[in-house]
Amino acid sequence: MNFGQTRERDRRSRRKTRLGLLGTTCAAAAFVALAAAPNAFAGGSLDNTSLQSAFDQSTFNGMVGFITFNYLNHQQGDGSVNRGPQNSFAIGGDFVAHSGSFHGFSVGLAGYGAQSIGYYKGATHNTELTGSYPSVQSFREAYGQYQNKNMEFRFGRQLINTPWANADYYTFSPRAFMGVAGVIDAIGHGPTTTDSAPLSLDDSPAQFSIFFARMFTYESRYSSTFTSNNRYGPANGLLTIGAKYQNTFGGTHVSFQGWYYDFYGYGQLAYGEVDFATPVGHGQSIFGGFQATTEGNSGSASRNFTGVPGAKVKIDAKEFGAKLGFADGPYSINLVGGFSPIEKGAFRNGEIVHPYRDLSGYAFSNSMQTGLEDFGPGYAYGIQWSAKFLKNKLDLSGNYTRYLVRYGYGGDVYSYDNTNPLYPGFPVGPTGSPVPNEQISSIGFNASYDLSSILKGLSITENTDTNITQNRSGYPQYPNVFFSSRLYLEYNF
C-alpha cells in the first residue's frame, strides 16, 4: 500500500480510535495517534434521555507536534523554472470536542492550527503547511449531528472522506466542507456509540450503506476561510451520492462501492471499485481490487476555467486501476497498475477535473507526489509493500512505480489555477511542446515508530519520495532528481 493510502487512511481510523479513548479527559490538539488502542469510534450511548448524562459523556482530545517538509529541485507550476530547494517547518495541532448524545442529537467542534516558525524564508520557503501566510487557524468543524444505529446526519462545517472529495489529512489543516452529509446503514448497522470521526463508508461495518452530501463551500488546506470557489475558479459546491455493499462468500470477503459526483459548473464524475480478500492459510490472504473513473461535462458544457477567452471546455476523462497482492500477518506485498486514455480535444486531452482531492491514495497507483489524476493520459505500474516489526511499534512501507505520461513536462504537473493557456490541452510559450511518452520512476519509503514507551501518544514518522524523470534532446531540460521528505513528530493527548 502506498504513502497516500497508508497516511490518509491511517489518519481516518486513528481519529476514530483517538476519540474513543479519551472519555472526558480535556486535551490540547492536532491529528493522528500512532499509539492508539484498538477500540474505535467515540463517546457514549446514543440513547441518553437526560442532558446531564449527555454532558458527562462529552469527549475532548487533541494533539500537538511539528512537521517539516523538504523538497529538492522543486518546479514552478509550468515546469519551466527551477526554484531550487523548497522547505517548510511548522508547529501546530488540533482540538476536537464532541458532546454526548441526547435522544440521538449531539454537536461537534474542532479547531486546527499551524504556525510557521520562520526558519525558512524567501525563495526557499514552501507554502504547503501554512499557505501564503505565517500561520493558519480555523474552526474547520462546527456541526450539529443526529445519529442512531442505522443512520447519521451532520449539518455545518465538517470533514468527509470519499474517493473524489476528502480531507487529504497529511498536514495540520485538512480540507473541510460546509453543508449537509449523512450515512444510512440499510443492512446492518454502523457505530452504536456517539461518532465524531469524518463521515465515510471506508470503515463501515454495515453490510449495505448509502452516503450522500451536498456541500456549498469548502476550506482548502492552505486557507483559514471557507469559500464558494474551488481550485479551478468560481463554483457552486458539489453533490455526491455513494453506496457500498460488502459480504463474505465462501470465506472470501468482497466489497463493492459506486459513487456519483456533480462538481457544479465543472464536471460530472462516476467512480466504482471492487475489492476482495480471500484466506489461503493461517493469517495469510490474497487480496486485490479494480477501480474505474469516468467524467464528463456538468450540464451542457463546463465553465470556462482555462484562461483562454471564449474557449468552450469539454470534459472527457477516464482512469482505471487494479491491484493484486499477498498478506501474511503484518507483512504484505502487491502489484498495482493504472491507465488513463487520451481523449483528443477534451480538457488537457483527457485529464480528470478534481476540485476537492489531491494524491490521497484512493487511486491504487498513486505515490506520494505523483499520480495519473494530475499527469493526465498515460499508464502506471508498480509494486508496493508494508511490514511491521518490534511488536508492531515499527511500521515500514515502500513503493516503486513507473509512469508513462503521454504529455510530459519533466515530471511536473500543471498548476490548478490555470495561469497558463491550457485549452485544448497544453501551454504555449517558453516551455514549448510537451515531451511525448515521457517516463517517470517514483520510489517511496515510509517509516513510523511508536514512542509510547517514552511518552504515551508520542510517535515519529518519516516519508520520502524520489522521482526520476526521463529528459530528451530538443525539449527543455528539468533538474533530476526531484526528492521529497516529510518528517512528523506527533504527541496525542
Side-chain angles (χ1 to χ4, degrees), residues 1-14 16-17 32-40 170 200-205 207 244-257 273-291 321-338 359-368 371 380-402 441-453 459-466 488:
M1 186 176 288
N2 65 31
F3 165 83
Q5 291 169 315
T6 54
R7 188 80 191 170
E8 174 68 14
R9 293 181 180 176
D10 283 355
R11 289 200 166 201
R12 293 198 293 271
S13 63
R14 290 167 190 159
K16 291 179 179 179
T17 306
V32 216
L34 289 176
N39 53 314
Y170 63 88
S200 172
L201 295 184
D202 285 350
D203 306 306
S204 174
Q207 186 173 341
K244 179 180 180 179
Y245 175 81
Q246 58 184 344
N247 208 341
T248 300
F249 303 94
T252 299
H253 182 81
V254 181
S255 68
F256 306 85
Q257 58 177 308
E273 180 176 337
V274 180
D275 296 280
F276 76 90
T278 184
V280 293
H282 182 68
Q284 298 176 332
S285 63
I286 293 174
F287 62 91
F290 175 79
Q291 58 187 181
K323 65 179 178 181
L324 181 65
F326 174 76
D328 184 359
Y331 313 105
S332 70
I333 188 168
N334 62 280
L335 303 176
V336 296
L359 297 169
S360 54
Y362 276 99
F364 298 150
S365 60
N366 276 2
S367 54
M368 189 169 85
Y381 59 89
I383 187 169
Q384 302 168 354
W385 62 271
S386 64
K388 294 182 179 181
F389 303 96
L390 304 178
K391 298 181 179 179
N392 294 334
K393 289 182 178 293
L394 177 62
D395 192 341
L396 304 177
S397 63
N399 72 278
Y400 171 79
T401 309
R402 182 78 164 175
S441 295
S442 176
I443 304 169
F445 177 75
N446 317 296
S448 296
Y449 191 76
D450 177 359
L451 296 169
S452 291
S453 59
S459 65
I460 187 168
T461 301
E462 166 65 23
N463 304 117
T464 62
D465 184 68
T466 301
Y488 303 78

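For the numbers below, each heavy atom of this structure counts, side chains included, while hydrogens, waters and symmetry mates do not. The model shown is predicted, which means the values in this text are computed figures rather than measured ones.
- Contact detail for Thr464 and Met368: the closest heavy-atom pair is C-CE, 4.1 Å.
- Closest approach of Ala447 and Leu396 over heavy atoms only: CB-CD2, 3.5 Å.
- When all heavy atoms of Phe364 and Gln384 are compared, the closest pair comes out as O-NE2, 2.9 Å.
- By the ring-ring contact (aromatic ring centres under 6.0 Å, His included) test, Phe389 is found to be paired with Tyr331, residues two or more places apart in sequence or in another chain being considered.
- Counting all heavy atoms, side chain and backbone alike, Asn392 lies closest to Pro330 at OD1-CB, 4.1 Å.
- Here the side chain of Tyr488 pairs no donor or acceptor atom with the backbone of Ser448 at under 3.5 angstrom.
- Taking the side chain to side chain donor-acceptor pair (under 3.5 Å) definition, one finds that Ser442 meets it with Ser367, Asp465, Asn467, sequence neighbours left out.
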What donor-acceptor contacts under 3.5 angstrom involve side-chain atoms of residues 278-290, with partners at least two apart or in another chain?
residue, atom, partner, partner atom, Å
Thr278, OG1, Thr252, OG1, 2.8
Gln284, NE2, Asp328, OD2, 3.3

**Q.** Criterion side-chain contact (heavy atoms from CB on, under 4.5 Å) on Lys323 and Asp275, from CA distance to verdict
**A.** CA-CA 9 Å; Lys323 65 179 178 181; Asp275 296 280; 3.6 Å; yes
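- Listed by chain and number, the residues in a side chain to side chain contact (heavy atoms under 4.5 Å, CB included) with Gln246 are Lys244, His253, Ser255 (sequence neighbours excluded).
- Scored by the side chain to side chain contact (heavy atoms under 4.5 Å, CB included) test, Phe256 finds Tyr245, Val254, Val274 as partners (sequence neighbours excluded).
- Residues meeting the side chain to side chain contact (heavy atoms under 4.5 Å, CB included) test with Ile443, sequence neighbours left out: Tyr400.
- Minimum interatomic distance between Ser365 and Val336 (heavy atoms only, all atoms of both residues): CA-CG2, 4.2 Å.
- Thr461 contributes atom OG1, which lies 9.0 Å from atom CG of Asn446 (distance to the nearest 0.5 angstrom).
- Rounding to the nearest 0.5 Å places CZ of Phe326 at 12.5 Å from CG of Asn334.
- Of all heavy-atom pairs spanning Asn399 and Trp385, the tightest one is N-NE1, 4.3 Å.
- Residue Ser397 holds its OG atom at 10.5 Å from NZ of Lys388, rounded to the nearest 0.5 Å.
- Here CG of Asp450 is found 12.0 Å from CD1 of Ile460. Values are rounded to the nearest 0.5 Å.
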